[in-house]
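Okay, structure first, notes after.
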Protein chains: 2
Amino acid sequence: MLSNSCRYGIRAIIYLASLPQTKGKTGIKQIAKDLELPTPFLAKILQQLAKQKILNSTKGPHGGFSLLKDSKNITLLDIVKTIDGEEIFTNCIIHNETCSSVDRSKKSCPVHDDFSRVRTDLIKLFRNKTIYDLVRTAKSEEIFI
Amino acid sequence: MLSNSCRYGIRAIIYLASLPQTKGKTGIKQIAKDLELPTPFLAKILQQLAKQKILNSTKGPHGGFSLLKDSKNITLLDIVKTIDGEEIFTNCIIHNETCSSVDRSKKSCPVHDDFSRVRTDLIKLFRNKTIYDLVRTAKSEEIFI
DNA sequence: AGAAAAAAATATTCTTATATCTTTTTTATG
DNA sequence: CATAAAAAAGATATAAGAATATTTTTTTCT
Ligand code: FES
Ligand code: FES
């Protein structure tokens, strides 16, 4: 459903947001090690997120990554859009094209009506869920980032 | 969300089910042409479905494919399982692993509670939707297979 | 039996996602 | 200023999915 890149990015952001406020930058090696992700691959992903002004990155000694935006203002949708794009939310479930609810000039497919309902719920979830929410959840329960 | 293979398979089955009862076998070239899909690639997919006893295939002159099961007894889930497997229904949304609701020994991820609800609806849709339903929908409206 | 039609099986190519490696740029610090 | 630390950028490798091409087997029809 989501690409590896996207899932890694989401986890890295949750990880960064869950660190104590006092902590400044965190190096890519540290992040990759704690989340058990391939270091150079994760670096590429964080670079994309930095370009989108979601993360802050600084080079040089003591450099690393930190959140640029307030975790209350980062939604799952923001991250997915940055990394995978929004095709998963706009494409038809059985055709290689835009769903008729996005492009009104298109005919619907036979699964459209039922699927749109589920997809709407999915979009709501991604749009409304902030990183802040997720960190709070993770801290309140026995949760695995 | 679904692979090309899987979507092609679903469309081919809807197509076969929508043909008049009187029609016997339909050749792969005909199917691929009408659905505008790559012929040899579609052949591979239909072979898989034939192995799963969803389709019937016969070689030789006038050979081709037809439904083996009654369209009321083929669900979307049957096709997805055959072609993509059920990982999309059992994997965690942000980890490369089984979701905690499938493997109870695992900890949940922070998105789990909300995501499971949506996923449950999705599974219900795939499990309950038969090819017969889809063909009926397609015939009642201006629909694109 | 022999020829032709059609799917099955096999092998090969193409593309993209995933992952790694190397070099360059930036920056803090002695 | 020189050095080292760290990310950025670019190039390369690997694997999987997607697609095509080729050969083999099966079946029908003459
Ligand atoms: S047209 Fe197929 S899901 Fe909307
Ligand atoms: S554990 Fe992540 S979705 Fe269930």
Side-chain angles (χ1 to χ4, degrees), chain A residues 1-13 16 23-33 35-68 80 82-85 87-88 91 94-97, chain B residues 1-12 16 23-33 35-68 80 82-85 87-88 91 94-96:
Chain A
M1 174 145 198
L2 301 177
S3 70
N4 282 356
S5 301
C6 190
R7 295 202 309 267
Y8 295 174
I10 292 171
R11 290 176 60 200
I13 290 187
L16 287 172
K23 180 108 178 56
K25 310 279 171 198
T26 307
I28 181 74
K29 271 177 285 186
Q30 181 75 50
I31 304 173
K33 188 182 151 219
L35 297 178
E36 299 180 324
L37 299 177
T39 307
F41 188 46
L42 182 60
K44 284 287 165 57
I45 298 161
L46 298 193
Q47 282 166 33
Q48 289 186 65
L49 292 166
K51 269 191 200 128
Q52 287 299 314
K53 310 288 183 198
I54 293 170
L55 291 184
N56 192 276
S57 90
T58 52
K59 296 179 173 185
H62 309 300
F65 293 88
S66 63
L67 291 193
L68 184 54
V80 174
T82 299
I83 300 175
D84 281 353
E87 288 74 23
I88 47 163
N91 273 3
I94 62 167
H95 292 96
N96 287 324
E97 326 183 355
Chain B
M1 176 144 197
L2 301 176
S3 69
N4 281 357
S5 300
C6 190
R7 295 202 309 266
Y8 295 174
I10 291 172
R11 289 177 59 200
L16 287 173
K23 179 107 177 58
K25 309 280 172 196
T26 307
I28 180 73
K29 271 177 286 186
Q30 180 75 50
I31 303 173
K33 187 182 153 219
L35 298 179
E36 299 180 328
L37 297 178
T39 308
F41 188 45
L42 182 60
K44 285 286 171 57
I45 298 161
L46 298 193
Q47 281 166 33
Q48 287 186 65
L49 292 165
K51 270 191 199 129
Q52 286 302 312
K53 310 288 185 199
I54 294 171
L55 291 184
N56 191 274
S57 89
T58 53
K59 296 180 174 184
H62 309 300
F65 293 89
S66 63
L67 290 193
L68 184 53
V80 174
T82 300
I83 300 176
D84 281 351
E87 288 73 23
I88 48 163
N91 274 3
I94 61 168
H95 292 95
N96 287 324

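Chain letters run A, B, ... following the sequence lines, proteins first, then strands; residues in each count from 1. Note that the structure is a prediction, hence the values are computed from the model and not measured.
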Check: Which listed nucleotide (C/dT25, C/dT18, C/dA7) is nearest to the side chain of A/K59?
Finding: C/dT25
Notebook entry, point to check: Contact class for A/T58 (heavy atom, under 4.0 Å): base, sugar-phosphate, or nothing?
Noted result: sugar-phosphate
Next item on the list: Would you mind telling me which of D/dT27, C/dA7, D/dA18 lies closest to the side-chain atoms of B/S5?
Entry: D/dA18
Check: If you draw a 6.0 Å radius around NZ in B/K25, do more than 12 non-hydrogen atoms from other residues or ligands fall strictly inside?
Finding: yes
Check: Between C/dA5 atom P and B/K29 atom NZ, what is the distance in whole Å?
Finding: 9 Å
Item checked: Base D/dT20 paired with B/K44 side chain (donor-acceptor, <3.5 Å) -> yes
Checklist line | Over 12 foreign heavy atoms within 6.0 Å of CD, A/E87 | finding: yes
Note to self: Can you identify which nucleotide, out of C/dT29, C/dA4, C/dC21, has its nearest atom closest to the A/H62 side chain?
What the structure shows: C/dT29
Item checked: Distance in angstrom units between A/L37 CG and C/dA19 P, rounded -> 9 Å
Item checked: Closest to the B/F65 side chain, choosing from C/dT27, C/dA4, C/dA7 -> C/dA7
Next item on the list: Would you classify B/G63 as touching base, sugar-phosphate or nothing, given that sugar-phosphate means primed atoms plus P, OP1 and OP2, and contacts are heavy atoms under 4.0 Å?
Entry: sugar-phosphate
Item checked: Of the listed nucleotides C/dA5, C/dA19, D/dA7, the one nearest the side chain of B/P61 -> C/dA5
Check: Just to confirm, is there a sub-4.0 Å distance from OP1 or OP2 of D/dG17 to any side-chain nitrogen or oxygen of B/N4?
Finding: no
Item checked: B/L46 CG - C/dA8 C1' separation (whole Å) -> 12 Å
Checklist line | Pairwise 5' ranking along DNA chain C for A/C6 and B/I28, keeping only the more 5' one | finding: B/I28
Check: If you find the nucleotide of DNA chain D closest to A/A50 and the one closest to B/G60, which residue's nucleotide is nearer the 5' end?
Finding: A/A50
Margin query: With a 4.5 Å cut-off on side-chain heavy atoms, are B/I31 and B/L46 touching?
Written below: yes
Checklist line | B/L67 vs B/L55, side chain to side chain contact (heavy atoms under 4.5 Å, CB included): CA-CA, chis, key distance, verdict | finding: CA-CA 5 Å; B/L67 290 193; B/L55 291 184; 3.6 Å; yes
Checklist line | Distance, rounded to the nearest Å, where A/L42 contributes CG and C/dT20 contributes P | finding: 11 Å
Next item on the list: Could you tell me the separation between the CE atom of B/M1 and the C1' atom of D/dG17, rounded to a whole number of Å?
Entry: 18 Å
Notebook entry, point to check: Just wondering, more than 12 heavy atoms not from B/K23 lying within 6.0 Å of its NZ?
Noted result: yes
Next item on the list: Let me know the distance between OH of B/Y8 and P of D/dA18, rounded to the nearest Å.
Entry: 8 Å
Check: Rounded to whole angstroms, how far apart are CD1 on A/I31 and P on D/dA6?
Finding: 12 Å
Note to self: I need the CZ-P distance between B/F41 and C/dC14, as an integer number of Å.
What the structure shows: 16 Å
Next item on the list: May I ask you to say what B/P40 touches in the nucleic acid, namely base, sugar-phosphate or nothing, with a heavy-atom cut-off under 4.0 Å?
Entry: base
Check: Among D/dA9, D/dA7, C/dA8, which nucleotide sits nearest the side chain of B/S57?
Finding: C/dA8
Note to self: Within the 4.5 Å heavy-atom criterion, are A/I45 and A/L37 side-chain neighbours or not?
What the structure shows: no
